[in-house]
Amino acid sequence: QVQFVESGGGLVQPGGSLRLSCAASGNIFRFLAMGWYRQAPGKQRELVARIGNGGTTTYVDSVKGRFTISRDNAKNTAYLQMNSLKPEDTAVYYCNSAAAYGLGSEGPDTWGQGTQVTVSS
């Protein structure tokens, strides 16, 4: 059973940057498409960035050009570099499998703690 632990969130001013990390346990990480999901207050969780097991990346339009998803299979870790942050990016960010989900999807049924990102001046 794969488990994910997110870290790197915090409070940042508009225009600032954060780098989130997702540490995965298990021996199948390298075979998984991975995604970063977020859930803002009062909104459903959505997949905002996805990286395939071959390295192909896709993003929802709202974060395209500002966010970059990457992975290091040797370290069983996925990352989300977030630049030019906006107040609308405020949410709890989660990592999880994205193999069966498209951009904007709610994702799997089981989730970790996530990491809080707050963008405020």
Side-chain angles (χ1 to χ4, degrees):
Q1 187 176 21
V2 179
Q3 296 176 327
F4 305 103
V5 179
E6 302 92 344
S7 62
L11 175 64
V12 65
Q13 293 185 345
S17 298
L18 286 172
R19 185 174 178 84
L20 308 183
S21 296
C22 170
S25 63
N27 60 359
I28 64 170
F29 175 81
R30 67 185 187 277
F31 299 112
L32 298 176
M34 291 296 302
W36 282 96
Y37 302 76
R38 70 184 183 188
Q39 187 165 24
K43 289 187 170 291
Q44 292 192 142
R45 181 169 44 243
E46 64 171 347
L47 177 62
V48 299
R50 184 184 188 276
I51 183 167
N53 57 8
T56 300
T57 60
T58 52
Y59 306 88
V60 294
D61 288 342
S62 59
V63 309
K64 191 175 298 181
R66 300 187 298 117
F67 290 10
T68 303
I69 187 172
S70 61
R71 67 193 298 162
D72 186 341
N73 289 338
K75 297 180 179 179
N76 271 17
T77 303
Y79 306 93
L80 186 68
Q81 178 67 47
M82 304 185 295
N83 299 325
S84 302
L85 283 163
K86 304 175 180 180
E88 306 93 273
D89 297 319
T90 296
V92 179
Y93 284 73
Y94 305 87
C95 65
N96 213 327
S97 172
Y101 304 96
L103 297 174
S105 299
E106 294 182 38
D109 294 326
T110 303
W111 300 88
Q113 291 289 98
T115 186
Q116 176 72 50
V117 172
T118 302
V119 185
S120 180
S121 59

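Reckoned from all heavy atoms, side chains included, excluding hydrogens, waters and symmetry mates.
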Looking at every heavy atom in both [X] and [Y], which two are closest together, and how far apart are they?
| X | Y | answer |
| --- | --- | --- |
| Glu6 | Tyr93 | CG-O, 4.0 Å |
| Ser7 | Thr115 | C-OG1, 4.0 Å |
| Gly114 | Val92 | CA-CG1, 4.0 Å |
| Ala98 | Gly35 | CB-N, 3.7 Å |
| Met34 | Cys22 | CE-SG, 4.3 Å |

From [X] [atom1] over to [Y] [atom2], what is the distance, rounded to the nearest 0.5 angstrom?
| X | Y | atom1 | atom2 | result |
| --- | --- | --- | --- | --- |
| Leu103 | Arg50 | CG | CZ | 8.0 Å |
| Phe4 | Thr110 | CZ | OG1 | 10.5 Å |
| Leu85 | Ser120 | CG | OG | 12.0 Å |
| Thr56 | Ile51 | OG1 | CD1 | 8.0 Å |
| Phe67 | Ser17 | CZ | OG | 9.5 Å |
| Thr90 | Leu11 | OG1 | CG | 8.5 Å |

Say whether, by atom type as modelled, one donor and one acceptor occur between the side chain of [X] and the main chain of [Y] under 3.5 angstrom.
| X | Y | value |
| --- | --- | --- |
| Asn73 | Phe29 | no |
| Ser84 | Arg66 | no |
| Arg71 | Gly52 | yes |

Is the closest basic N to carboxylate O distance between Lys64 and Asp61 below 4.0 Å?
->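 Result for this pair is yes, salt bridge flagged.
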Given the rule in the side-chain contact (heavy atoms from CB on, under 4.5 Å) test, do Ser25 and Asn76 qualify, once you have shown the distances and angles that lead to the verdict?
-> CA-CA 7 Å; Ser25 63; Asn76 271 17; over 6 Å; no
Is there a path from Val5 to Leu32 through hydrophobic residues (I, L, V, M, F, W, Y) whose side chains come within less than 4.5 Å of each other?
->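 Not linked; separate clusters.
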What pairs with Arg19 under side-chain contact (heavy atoms from CB on, under 4.5 Å), at least two apart in sequence or on another chain?
->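 Here the qualifying residues are Ser70, Tyr79, Gln81.
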What pairs with Ser62 under side-chain contact (heavy atoms from CB on, under 4.5 Å), at least two apart in sequence or on another chain?
->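 For Ser62, the residues satisfying side-chain contact (heavy atoms from CB on, under 4.5 Å) (neighbours in sequence not counted) are Arg38, Val60.
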Are the aromatic rings of Trp111 and Tyr37 close, with centres under 6.0 Å apart?
->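 That pair passes the under 6.0 Å test.
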Answer yes or no: are there more than 12 heavy-atom neighbours, outside Gln116 itself, under 6.0 Å from its atom CD?
->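 More than 12 within 6.0 Å, yes.
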Would you check, one step at a time, whether the test side-chain contact (heavy atoms from CB on, under 4.5 Å) holds for Thr68 with Tyr59?
-> CA-CA 8 Å; Thr68 303; Tyr59 306 88; 3.8 Å; yes
Starting from the C-alpha separation in whole Å, work towards a yes-or-no answer on side-chain contact (heavy atoms from CB on, under 4.5 Å) for Met82 and Val117.
-> CA-CA 10 Å; Met82 304 185 295; Val117 172; 3.8 Å; yes
